[in-house]
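Everything on this sheet refers to the single structure shown next.
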Amino acid sequence: MDFRFEDIGPAEVERRISAVEPLTESVRDLVDAVIRTEVDDTALDDARRQIDDIVARLRTEEKPGGFGVPFTRDLVGMPWGNAATGVRNAVAPPLRPVTHAGVSTAEVTLGAAYEGPGGHVHGGVLALLLDQLVGECASSGTSMPHFTGTLTVRYVRPTKLGQVSLRAEVTGTQDRKAFVSGEIHDSEGVTAEVEAIMIRPKEFAGRDEVMAAIAEATARD
């Protein structure tokens, strides 16, 4: 897995976000416009050529594969290619979880790009967002990644396109396992519920070990 250390602080993180996030937001807006536009074929073809030119310019310098997950010297993760939260990923709505005392919450607007049944959110999108949120919730107490062991989603009723709210809570732990429950609400109440078992892999060191390794590497440099 592509986890790597970058010796940068909060100011550099914010600078990088401020440079790329507006572009991501514009691409997100483009996706919505392509879905809902009713311009004629000539306008569509002209737009395609302009977009192809921009893509070619951006591809003059690019990294191979995915973005990976760099970590700063303070062990702040930068999963900016993530399909649910990534600041570089226009596929992400984006989800912005807030976690406190074992409870994670988020609000997100799901527009035309996330449609499944007409006027409603695709069930796979709901599972993606819940999977991300329960993972963030499980990881928050340890500052170490947790990955999905099992994810059981129960769809209570269709979720309307528009603003939705998510909530996840750690209900118990056992060794490397965290048990997490969660739910999604639209304007009329609960639409989906989840029960998950999230697992911290054996090969991941604890926070203290990682910080000690970073300090040793920094001292050598």
Side-chain angles (χ1 to χ4, degrees), residues 17 21-22 24-36 69 76-174 177-200:
I17 290 175
E21 195 168 36
T24 307
E25 195 59 49
S26 292
V27 176
R28 198 172 283 127
D29 197 32
L30 172 63
V31 171
D32 183 78
V34 169
I35 293 170
R36 299 194 293 123
V69 185
V76 175
M78 297 179 286
W80 293 350
N82 183 282
T85 64
V87 298
R88 283 178 168 264
N89 192 342
V91 171
L95 193 70
R96 293 286 181 264
V98 175
T99 301
H100 178 70
V103 176
S104 295
T105 57
E107 291 191 355
V108 65
T109 299
L110 301 174
Y114 306 100
E115 188 173 44
H120 295 83
V121 183
H122 193 293
V125 172
L126 298 177
L128 165 70
L129 297 178
L130 286 168
D131 188 25
Q132 182 68 32
L133 191 69
V134 297
E136 300 254 0
C137 189
S139 301
S140 64
T142 62
S143 298
M144 289 288 114
H146 282 64
F147 298 107
T148 308
T150 63
L151 186 81
T152 304
V153 181
R154 186 174 79 89
Y155 296 96
V156 179
R157 59 177 177 80
T159 304
K160 293 181 178 180
L161 291 176
Q163 183 168 311
V164 299
S165 302
L166 300 92
R167 183 182 187 278
E169 180 176 5
V170 175
T171 57
T173 59
Q174 181 184 14
K177 296 179 181 178
F179 302 90
V180 190
S181 61
E183 58 190 23
I184 289 181
H185 295 247
D186 66 9
S187 59
E188 296 181 0
V190 176
T191 65
E193 300 172 334
V194 68
E195 295 292 337
I197 300 175
M198 309 302 293
I199 302 170
R200 182 170 72 87

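Treat the numbers as computed from the prediction; the structure is a model and nothing was measured.
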Arg157 side chain near Asp186 side chain, heavy-atom distance below 4.5 Å
yes
Heavy-atom distance under 4.5 Å between the side chains of Leu161 and Val121, does that happen here?
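They are in side-chain contact.
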Determine the sole option in Val125, Val164, Leu110 for which the side-chain contact (heavy atoms from CB on, under 4.5 Å) test with Thr159 is passed.
Val164
Where [X] and [Y] come nearest, the two heavy atoms and their spacing:
X	Y	value
Val134	Ala196	CG2-CB, 4.0 Å
Tyr155	Ala127	OH-CB, 3.8 Å
Ala168	Cys137	O-SG, 3.6 Å
Pro97	Ala106	CA-CB, 4.1 Å
Val170	Ala138	CG2-CA, 4.2 Å
Ala92	Gly86	CB-N, 3.8 Å

Any pair with a residue in residues 82-96 that passes salt bridge (charged side-chain N to carboxylate O under 4.0 Å, His left out), sequence neighbours left out, goes on the list, sorted by first then second residue, please.
Glu21-Arg96
Taking salt bridge (Lys or Arg N to Asp or Glu O under 4.0 Å) as the test, write out the residues that go with Asp131, two or more places apart.
none
Listed by chain and number, what are the side-chain contact (heavy atoms from CB on, under 4.5 Å) partners of [X], not counting sequence neighbours?
X	answer
Glu169	Val103, Arg167
Glu25	Arg28
Thr171	Phe179, Ser181
Ala112	Asp32, Ile35, Arg36

Show, in sequence, the C-alpha distance, side-chain angles and deciding distance for Val194 and Leu133, and conclude whether the side chain to side chain contact (heavy atoms under 4.5 Å, CB included) test is met.
CA-CA 10 Å; Val194 68; Leu133 191 69; over 6 Å; no
Rounded to the nearest 0.5 Å, what separation is found between the [atom1] atom of [X] and the [atom2] atom of [Y]?
X	Y	atom1	atom2	value
Glu136	Leu166	CD	CG	11.5 Å
Leu130	Leu151	CG	CG	7.0 Å
Glu193	Leu126	CD	CG	12.5 Å
Gln174	Ile199	CD	CD1	10.5 Å

Listed once per pair and sorted, the side-chain hydrogen bond (donor to acceptor under 3.5 Å, both in side chains) pairs that draw on residues 107-116, sequence neighbours left out:
Glu107-Gln163
Got a sec, which residues hit side-chain hydrogen bond (donor to acceptor under 3.5 Å, both in side chains) with [X], two or more places apart in sequence or on another chain?
X	answer
His185	Glu183
Thr85	Asn82
Asp29	none
Glu188	Lys160

Can any side-chain N or O of Thr24 pair as donor or acceptor with the backbone N or O of Val87 at less than 3.5 Å?
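Yes.
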